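As structure tokens, the structure follows; a few thoughts come after it.
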Amino acid sequence: MSSEVAAETASPAKRTLASRIAAVPLLGVFTALVVIFVVSCMLSPHFLTPYNMTIISRTLAFVGLVTLGQSMLMILGELDLSLGAIAGLCGVVGGIMMVQMGWNPWLSFALCLALGTFCGMFNGFLVVALRLHSLVLTIGMAGVYGGANLVATKGVAITGIPDAIRVLGNSKLYGVPVPFVILVVALIVITFMAVKTPFGRYLYAIGNNPPAARMLGIRVDTIRVLVFAAAGFLSALAGMLMVARLGTAQPSIGEGWVLAPIAASVIGGVATTGGVGSPIGAILGAAIIGIIENIIVLFGVSPYWQSMVSGAIVVLAISFDSISRRYLRREG
Amino acid sequence: MSSEVAAETASPAKRTLASRIAAVPLLGVFTALVVIFVVSCMLSPHFLTPYNMTIISRTLAFVGLVTLGQSMLMILGELDLSLGAIAGLCGVVGGIMMVQMGWNPWLSFALCLALGTFCGMFNGFLVVALRLHSLVLTIGMAGVYGGANLVATKGVAITGIPDAIRVLGNSKLYGVPVPFVILVVALIVITFMAVKTPFGRYLYAIGNNPPAARMLGIRVDTIRVLVFAAAGFLSALAGMLMVARLGTAQPSIGEGWVLAPIAASVIGGVATTGGVGSPIGAILGAAIIGIIENIIVLFGVSPYWQSMVSGAIVVLAISFDSISRRYLRREG
Amino acid sequence: MAFLRVQGIRKEFPGVVALDNVDLEIERGTVHVFAGENGAGKSTLIRALTGIMPVDSGTIHIDGRDTAEDKSLFDLVAYVPQELNVFPHMSVAENLFMPFDKSGFGGAVLSGSRMTREAQEYLDRFDIHARPDQAVGSIAVSDRQLLQIARAATKKSFQILILDEPTTSLTTKEIERLFKIIRQLRDEGKAIVFVSHKMDEIFEIGTTVTVLRNGQTVGHRAMDEVTEPELIRMMSGGEIRLDQTFLPETEPGEPILTVEHLSGRGFTDASFTLRRGEILGFAGLIGAGRSELMQGVFGYKKPKHGRIVLKGEELRLGSPAASVAGGVLYLSEERKLHGILPTLSVRENIGISVLDQTAPSGVISGSRERSIVGSVIDDYDIKTSSWEKKIMFLSGGNQQKAIIGRAMARRPDVLIFDEPTRGIDVRNKVEIYKIMKSLAEEGVGIIMISSELAELKRCATRIITMHDGEISGEFDTMTTDADTLVSAIIGSGELRHVV
Amino acid sequence: QDQDPLRFVIVPKVVHPWFDLVNDGAKEAAKMLTETTGREVQIEYRAPQKADVIEQNDIISRSIATQPDGILVDLLDGKGNRVVLEEAVDQGIPVTVFDSVPPEGMALTSIGNDFCEQANIASERLVKLLGGKGEVAIMMGVPTAPNHAIRAECHKKTFEKYPDIKLVATGIDNDSIETAQKQAAAIMQANPNLKGWVACDAAGPIGIGQAIKEAGKVGDVIHVGLDNLPDLLALIKEGVVDSSSSTKPEMQGYWAVIATWQKAMGKPVPKYIDTGIAIITKESLE
Ligand SMILES: Nc1ncnc2c1ncn2[C@@H]1O[C@H](COP(=O)(O)OP(=O)(O)OP(=O)(O)O)[C@@H](O)[C@H]1O
Ligand SMILES: Nc1ncnc2c1ncn2[C@@H]1O[C@H](COP(=O)(O)OP(=O)(O)OP(=O)(O)O)[C@@H](O)[C@H]1O
Ligand SMILES: [Mg+2]
Ligand SMILES: [Mg+2]
């Protein structure tokens, strides 16, 4: 470290290429993504078709929205394991409103986003009020929200979602699936927020050193609650878009959105200990996982091997990241 | 421990009752357990029957063994989300050895415990070698071990476990199910280790402050790997006992042993941040969860409400713990 | 009425009254010193003045108004805590201006270029060696401490600046710089509160002083009306001689630790020999690489090349466990990061390093542990309301004493002390010198890293100077004058061997 | 006559709408018995949250602890459930098995049909529609769920009988429509000549149907579905999915209660009652 200090203060020319690369935190995951993309293109002729790209980008959109929320929470040093359950609950409540109650679809959509925001906020409130680490609290809350879903639906999907909403899930804008467009917009907004606004920087500050942030007068608790709420909102959005996509409100929506967003975030450089990483990295991580899952099927990997292969690749991806970072640091 | 406190302070008379209670970390969870037990007895005439006590204690035995391992890891500041998958993998490998290969049952049993130990140790090795936080690594490893299970069994249970082994899961010792006896023995050994041996102290030291532990000359990495290995061993033991109980090696063994042990540990006072709590508290937490699940069914709660009720009770239990601890501290 | 006025403040923690009926008046345009021994309540009082810690009773008036009625009055107070409190993964500029609304970056969008520009001004003014966009985790400790002070000064509204032991990681040059800034601020009419255990600093900068003992105010004085011995007597209730030296009086024995051509991150080609029964001082500017070298010797950071011989046997490089097993102990300068086990009790914190005495059979004997821990607590006068108190609730100085006591209880052969008296009060400093002396006389080899040359001259028989990662000289304390040492420290002059 | 109500506990495989229909049938039978015999029959419904033998065993044993007059179970895996069933029998509680096969050597009445037959009906129909040749794919449900695994195995056996039928891919949907859709889309990408699909669970055929629609392959790829979830029926009506085969849950619940009641009354009971399989096509829906 002292050498860095010396090098940096004395002459910028002295800094090696490796240390410059290490200074770009997204480069590792971006490189990995490109490598995986290129390899996939070579492995399967069906990979780089417009249709397959549509599938990948749309799948990424749903899990990506949840990943955005989860990664912000992780930067803050928190975790919410109930985001999937919130997505599912909001999806089915939306279905109930639109179909069984016959409410205006857009009103129902908005109300469900509000519901998701509220659920997230409630988690945040409990974390703050009870001074609990969020991991276990949200394990419990996942049971509560998932249970509410079951109570509301009795496990039966709600069919007959109005076309007005279905368009959101199934149409394209200049050839790009609408959910993916929404993800990109959300990513831009959140990245801007994270990088350029005081609020975003406080996120990092709290994740870095909560007592110090509190001492400086940053409203740690308020910010925590807000970020939980934002994550709830994004999950509800993902859930509603999935309902729009499927045309039915499935009670099982969100079940796969619990661990994948965490894994994606870590692959993308967000530390589980807080204060490090970026939402954009997390989305790149989610893209890596999505492409791997896609290529495994395209490539005809036996279904019995699928979970092993994708687990192994997650492990490889984070190992690669960790090793390359250490190597680059040593060089720098 | 509390008696030690009393002995050391200059004037014990000055200390209030509340502060004495606060000084006994297990009292909160123990009280909660007693209250829940008494309420359960009042709610259902079927609760306090020998048969029901048998099923509660036996169920507790399996998840309890995993909880012991997970709580030690949590005290160390780590988490292993693949323990359930290890239990399942060891269970089915045991089945394959005993049934399909026709190996000696006890040899197979021992080999499976060794396999579990190895899997845990491998996780620990990766955590140490790659300097990763264990949460995400073990999400990936859960995929790997769970996938290996699927590859080995193609999802089909292996039947025909020899009676020699089945006795372990189904017989009783002085009216107590053998798996529960094994849990109690393991608990005593581990508690003794945690409280009375240097190794136990090192666990807490590392969980508190890893760099400081290293400076004290503690072999931090070795201990990490050992505790991961121990957790793998205990999970394999739980998996094998479950095979013994069922008489078939079910590929789904261990699926429910991922989040429950973490929730149990936190209810029992083990912090997810490391360095705090005790294995015995974690087992009390697991007992609370087990009794609640039992009484929910006895009481005839609608299956649609079950997950919501048990989630809410987990949230209540940790809230109660957190609030009472703060209240008592303020008093003291 | 004084600008800041405190009346009858009381604060109780479980088992200890940290502040007991404290009164205080601080005027603008003065530097007000809080003096007191470790655990006297200085930091607690400061936390009360900043509004971050509620008090049990008493009032605080700022600018004539009661803070209980108007919390925003605390915006007039800027505060630098005793412990380093930075955001390691964030940039220097961000650390400097956090929280943004208080430092004039309150808009909805942060301007990176403006921040960099203004940060550079602060970095220049406080002479901090860092770039605005650099991660704070990668700059030197002294720069972090200065950065923290600069951060307080970025608070646009502040009228009162409170510095809780700001000089612990600073060198003379940096302290001079800091004092210049403090004087500037004082002359601008700000009120400054300053805490330090270094007497010369207090007398150099202070206008008035309030002395605390066991949570009570024992006196207020104008600085020029009080002498050093008087002040020390007020703090400790006893007499302490400051001119005494603590050089071991026995002859050094055989070499116990030999370091040959050791190189690693932050130090190159270091060779030296430590003998039994001597205190070997290491002097240098902060950032000279002394800590790195010693962490390399100890094995906490693996050296790249070189050889270490301990008691005639080659020591495994890069293994603290092997060093500890061989009788080498290292006490870090960063006790929060490398020392305490925060949520464990004082008993467990001390007990952890004497396990080979308390658990020879593999099982810890409670009574043996209590007797060893008890004698450590007594010997080192560790102020704690109970042995079972979590060590994080002890005052900074008492944490330090617990860590030292713990190391001593292990009976090491080689003790590496990195800034042993940082944050320790005058009386306890002397206690630590005495301990080092008697250990040395028992045959322990001691390495003492210190940034206070005066302290090294009172304790060390030999002094090795380091500059920029390399050993720049080796001197006999008795025969070397301060100027020679200083020129070796700042790196002017050839490598010298005077012994 | 003993006027205490008779309590029968139903333990399905998992919380699932299909079993609500079983429950409805059971209640129907209970009502009929209450009215005709004058002694009240109560139905208690206790379901595992996950389709996992271990959890189901916990539920069964907790039900035994309440000493009911009969237990009706849809076994997840006869061999794995055996321990607790034996405990029930030991305590003199009548046990009836529905929708599944009782463990070997246990003399329990069973109601329902076998999954293999259900799968065979679907795969044979697909083969016939394809004229005995072409590339086909199977969508497995949850690989560890025995009924899903049995169906997958029987589909495979059927296809193996026909030399010109080529099984080119197998997907796993884990009982999720979304996953089914993703997997089906990818598999059709990788196998452009794919002509037919069969499924093994209720979620699979819906996801496959949606993927077929989206890929614009309606009419080109034939899909014989499974079960009768509303979405699937809609797809059949639309002509995206050819047909489906479905068990009759109400009938199973009804007859399981009758059999248990007979056993509880000490009357003789048949060893097996077949409730049949319904074939659903576009025509039968109209
Ligand atoms: N949060 C806390 N909980 C319990 N006790 C505390 C807490 N904070 C401080 N104390 C106690 O209050 C007393 C005063 O501590 P304080 O930190 O104010 O001392 P100090 O004068 O700053 O000492 P030093 O020079 O060592 O920094 C000590 O006995 C300490 O143990
Ligand atoms: N384990 C560690 N983690 C992070 N930083 C460390 C660690 N150990 C040492 N450092 C850093 O190494 C840097 C170099 O040390 P420092 O500036 O303390 O030089 P020094 O010669 O040891 O002087 P002094 O001992 O007077 O501080 C410091 O920034 C210190 O924080
Ligand atoms: Mg202090
Ligand atoms: Mg240093």
Side-chain angles (χ1 to χ4, degrees), chain A residues 1-12 15 19-20 22-25 74-77 189 191-220 222-223 269-271 273-278 325 329-332, chain C residues 47 50-53 74-75 77-81 83-91 93-95 97-103 105-112 115 123 128-131 133-141 143 148 151-152 155 265-267 287-289 291-292 301 468-469:
Chain A
M1 286 190 191
S2 52
S3 66
E4 272 178 31
V5 179
E8 278 150 3
T9 41
S11 62
R15 302 176 67 211
S19 78
R20 276 156 186 277
V24 185
M74 287 170 72
I75 289 169
L76 197 65
V189 171
T191 302
F192 179 82
M193 189 278 299
V195 176
K196 286 302 251 180
T197 69
F199 183 85
R201 302 321 292 168
Y202 293 159
L203 275 188
Y204 284 86
I206 296 171
N208 260 277
N209 192 343
R214 199 184 289 276
M215 209 196 64
L216 286 180
I218 294 173
R219 294 178 190 283
V220 174
T222 313
I223 291 178
V270 182
T273 42
V276 192
S278 65
R325 216 173 295 191
R329 195 181 305 138
R330 184 158 336 124
E331 283 294 288
Chain C
R47 283 203 293 272
T50 57
I52 54 178
M53 182 198 71
F74 287 122
D75 282 346
V77 181
Y79 163 52
V80 181
E83 302 293 343
L84 272 181
N85 250 325
V86 292
F87 306 102
H89 301 294
M90 302 183 79
S91 74
E94 286 175 328
N95 268 275
F97 294 118
M98 194 91 66
F100 303 109
D101 50 346
K102 303 250 169 73
S103 59
F105 287 86
V109 177
L110 294 170
S111 159
M115 209 188 270
L123 297 183
I128 299 168
H129 299 277
R131 288 172 311 161
D133 62 345
Q134 209 177 343
V136 162
S138 72
I139 70 173
V141 177
D143 289 323
Q148 191 160 263
R151 172 164 71 200
K155 196 168 176 180
R265 271 180 82 90
F267 57 96
S291 298
E292 264 82 357
K301 287 192 180 147
D468 203 11

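Chain letters run A, B, ... following the sequence lines, proteins first, then strands; residues in each count from 1. This is a predicted model, so every value here is computed, not measured.
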### Query
Rounded to the nearest 0.5 Å, how far does CE of M115(C) lie from CZ of R201(A)?
8.0 Å
### Non-hydrogen atoms of P198(A) and A108(C) that approach each other most closely
CD-O, 3.3 Å
### Task
Identify the heavy atoms of A212(A) and N85(C) that sit nearest to each other, and give their distance.
CB-OD1, 3.3 Å
#### Entry: Most contacts with chain A, counted as non-hydrogen pairs under 4.5 angstrom, among V109(C), D75(C), N95(C), L84(C)
V109(C)
### Message
Quick check: closest heavy atoms across K196(A) and G112(C), and the distance to 0.1 Å?
### Response
NZ-N, 3.7 Å
### Summary
Comparing A213(A), G275(A), G207(A) against chain C, the one with the most heavy-atom pairs below 4.5 Å turns out to be A213(A)
### Message
What part of F199(A) gets within 4.5 angstrom of chain C, counting heavy atoms only: side chain, backbone, both, or neither?
### Response
neither
#### Entry: Partners meeting side-chain contact (heavy atoms from CB on, under 4.5 Å) with D101(C) (sequence neighbours left out)
Y202(A), P99(C)
### Query
With distance as the sole test, does N209(A) use its side chain to make a donor-acceptor pair with the main-chain N or O of F87(C) at under 3.5 Å?
no
## Note on the structure
Scanning both residues in full, the closest heavy-atom pair of H89(C) with N208(A) reads N-OD1, 2.9 Å
### Message
Less than 4.5 Å to any heavy atom of chain A: does that hold for the side chain of R47(C), its backbone, both, or neither?
### Response
neither
### Task
Please tell me if the side chains of R151(C) and L216(A) come closer than 4.5 Å, counting only heavy atoms from C-beta onward.
yes
### Query
Roughly how far, to the nearest 0.5 Å, is the CE atom of M215(A) from the OG1 atom of T50(C)?
8.0 Å
### Query
Relative to chain A, which segment of F74(C) carries a heavy atom at a distance below 4.5 Å: side chain, backbone, both, or neither?
neither
### Message
Counting heavy-atom pairs closer than 4.5 Å to chain A, which one of M90(C), K155(C), K102(C), M98(C) comes out on top?
### Response
M90(C)
